There are 2 protein chains.
Amino acid sequence: MQIDIQSRDVFYVSDGTAITCETLGHVVLGQFPFKANEKTFPFVESEDKLAELLKEIEASYDRNGVKPLVFFSMVIPELRSKLLASNSYGYDVLESIVQRVQDDTQMKPKPKLQRSRSVSKDSDKYFDRIAAIEYTLAHDDGITLKGLEEADIILLGVSRSGKTPTSLYMAMQFGLRVVNYPFIDDDLRRLKLLPEFEIHRHKLFGLTIDPERLTEIRENRLAGSDYASNEQCLHELQTVEALFRREAIPYINTSSLSVEEISTRVLERSGLRRRLL
Amino acid sequence: MQIDIQSRDVFYVSDGTAITCETLGHVVLGQFPFKANEKTFPFVESEDKLAELLKEIEASYDRNGVKPLVFFSMVIPELRSKLLASNSYGYDVLESIVQRVQDDTQMKPKPKLQRSRSVSKDSDKYFDRIAAIEYTLAHDDGITLKGLEEADIILLGVSRSGKTPTSLYMAMQFGLRVVNYPFIDDDLRRLKLLPEFEIHRHKLFGLTIDPERLTEIRENRLAGSDYASNEQCLHELQTVEALFRREAIPYINTSSLSVEEISTRVLERSGLRRRLL
């Protein structure tokens, strides 16, 4: 059986970072069978910038004989109408929803240039976010266990179970202060929680992973090592999961989850609130 | 003059992480004058989970006498219709765009449960992303200058000009390997580039910031210190900007920009391509 796979040129365009357009576009395109050749045009706030984009749209149309898809968000009416008049299928990612919120709330929107997180209007949030990132960096991978009283959550798990990326994502996206601590040989032999963690038991959260996946990840790092062997991975995971169960530490399996999904699940299971909403 | 500020309950709901709903919702709500009391319900994939949400929606309606706003994305038809039947204003963040892409491309979408970045189907991207995060962590704040040949970009700037959060964001979101190096006293006195950077000149990118903003940020960290004083900040910034100009290093001012905006502008100015599109 042959599958008809076509490819399409896709542009993400915004007067801001275009991150919202990309995020939404990825999810929409994930439902369609064609391959997307993607390119992003952020900060399209001038005729010059727009002209560059329009040139690429025309080139794409000439090359493929089919209109490229454009996921966009543009506040300036003149630029918007020129984009809409081009040889492309344009999808305004905000328009229809803004219109409906206006109808439902009977309030008038004030369109403004995209600011994903505006610094000037919200300096406290900026500092909270930076402080969370710094705290999390300083407490990555068990570097220090000082200042645990300031932690929002403490992630535990064997090496390569996803602790560091999850910690950084939670700090960056949710503004949380995250400690992460790897189980190493000594801990595994003693099968005990460090005394430092005792008074912070309610903050503990475990990450685990399937042994096959852990082997794959460790092989990618240190091929052929004992560290990456099936036996070692299985042993570490069994030991740590036994500890989680015995100590009633909540834990999740990260095997098939993205960093975003792990972070969101940890947040949900732990009952923590996002600080940056 | 008194401004009529109302507040509204807002829910972000998805069978996935709900990060797309949040992102889009924030931008939409940024255009409206009311205060949003926000709460996120990720992974609503079961009747039980939905029931929790419906209870909160009813409670919100009873409390406020006005329907809460719900930004959602739900694939399962039964859950979707129950949500739509609740006392809320529902905004499907994908539906209208998916419909239009279907019309335009004449291809049929396959709705699927939300996966922000699916691990299983895309293991290479997962490893690329993790490798970028690790490289960037290992090269934060001038920790080491080994392995610069693997760097995608090298950020330079004085202490607190935004290098670390920008580096981590670029690694996490775009999959780039970022080195960041702070100018310290010695560099500032010599006003010279480190010899290590010479053969990587094309990767250098500067961050600068207004002296007033730098003072504010440093005061937030070390109030009353010389380090945070106006004179010191001004001196460091003048010195570094002179270096950037003399060495023809491109640079941007981060004063009023969010981490997302700085990252996107650096990407754009440097001509780097996102690795995770």
Side-chain angles (χ1 to χ4, degrees), chain A residues 8 16-20 22-24 27-28 30-34 38 40 42-43 69 73 89 91 93-94 96-98 100-101 104-105 107 109-112 114-120 127 129-130 133-134 137 140 164-165 168-169 172-173 220 256-261 264-265 268 274 277, chain B residues 8 16-20 22-24 27-28 30-34 38 40 42-43 69 73 89 91 93-94 96-98 100-101 104-105 107 109-112 114-120 126-127 129-130 133 137 140 164-165 168-169 172-173 220 256-261 264-265 268 274 277:
Chain A
R8 297 283 184 142
T17 64
I19 292 172
T20 307
E22 284 178 357
T23 307
L24 197 83
V27 181
V28 169
Q31 302 193 9
F32 287 90
F34 55 82
E38 303 166 292
T40 303
F43 308 116
L69 313 184
S73 166
Y89 296 118
Y91 310 106
V93 302
L94 296 180
S96 74
I97 296 185
V98 168
R100 292 189 42 217
V101 172
D104 292 339
T105 61
M107 289 190 211
K110 289 202 191 71
K112 52 185 173 187
Q114 298 292 314
R115 304 296 305 267
S116 49
R117 294 176 196 269
S118 185
V119 171
S120 40
F127 286 128
R129 192 182 195 194
I130 301 297
I133 293 170
E134 280 177 1
L137 278 177
D140 181 40
T164 293
L168 289 173
Y169 188 84
M172 185 94 67
Q173 184 77 12
N220 189 270
S256 63
L257 303 178
S258 68
V259 175
E260 286 82 352
E261 288 169 324
T264 308
R265 285 195 191 272
E268 194 195 19
R274 289 151 161 80
L277 260 183
Chain B
R8 297 284 183 142
T17 63
I19 291 173
T20 308
E22 285 178 356
T23 306
L24 197 83
V27 182
V28 170
Q31 302 193 8
F32 287 90
F34 55 82
E38 302 165 292
T40 303
F43 308 116
L69 313 184
S73 167
Y89 296 118
Y91 310 107
V93 303
L94 297 181
S96 73
I97 296 184
V98 168
R100 293 190 40 218
V101 172
D104 292 338
T105 61
M107 291 191 209
K110 289 203 189 70
K112 53 184 172 186
Q114 297 291 315
R115 304 296 306 264
S116 49
R117 295 177 195 268
S118 186
V119 171
S120 39
Y126 177 83
F127 287 127
R129 192 181 195 195
I130 301 297
I133 293 171
L137 278 178
D140 182 38
T164 293
L168 290 173
Y169 188 85
M172 185 97 65
Q173 184 76 12
N220 189 271
S256 63
L257 304 177
S258 68
V259 175
E260 286 82 352
E261 289 169 324
T264 308
R265 285 195 190 271
E268 194 196 17
R274 290 150 161 81
L277 260 183

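Sequence lines set the chain letters: A, B, ... in the order given, protein chains first and strands last, and positions in each chain run from 1. On a predicted model such as this, the values are computed, not experimentally measured, just so you know.
- Salt bridge present: A:Arg129 and B:Glu260 bring a charged side-chain N and a carboxylate O closer than 4.0 Å.
- Between chain A and the options B:Val93, B:Leu69, B:Thr105, B:Val28, the largest number of non-hydrogen pairs under 4.5 Å is found for B:Thr105.
- The residues A:Arg274 and B:Glu38 are annotated as not salt-bridged, no charged nitrogen and carboxylate oxygen being separated by less than 4.0 angstrom.
- When heavy atoms are compared at a cutoff of 4.5 Å, A:Leu24 approaches chain B by way of both its backbone and its side chain.
- Put simply, of A:Val98, A:Ile97, A:Val101, the one with the most heavy-atom pairs under 4.5 Å next to chain B is A:Val101.
- Proximity to chain A (any heavy atom under 4.5 Å) is shown, for B:Leu168, by both the backbone and the side chain.
- Residue B:Arg265 touches chain A through both its backbone and its side chain, counting heavy-atom pairs closer than 4.5 Å.
- For A:Thr23, the side chain to side chain donor-acceptor pair (under 3.5 Å) criterion is met by no residue, not counting sequence neighbours.
- Not counting sequence neighbours, the partners of B:Asp104 by the side-chain contact (heavy atoms from CB on, under 4.5 Å) test are A:Tyr89, A:Tyr91.
- The shortest non-hydrogen separation linking A:Glu261 to A:Ser256 is OE1-O, 4.1 Å.
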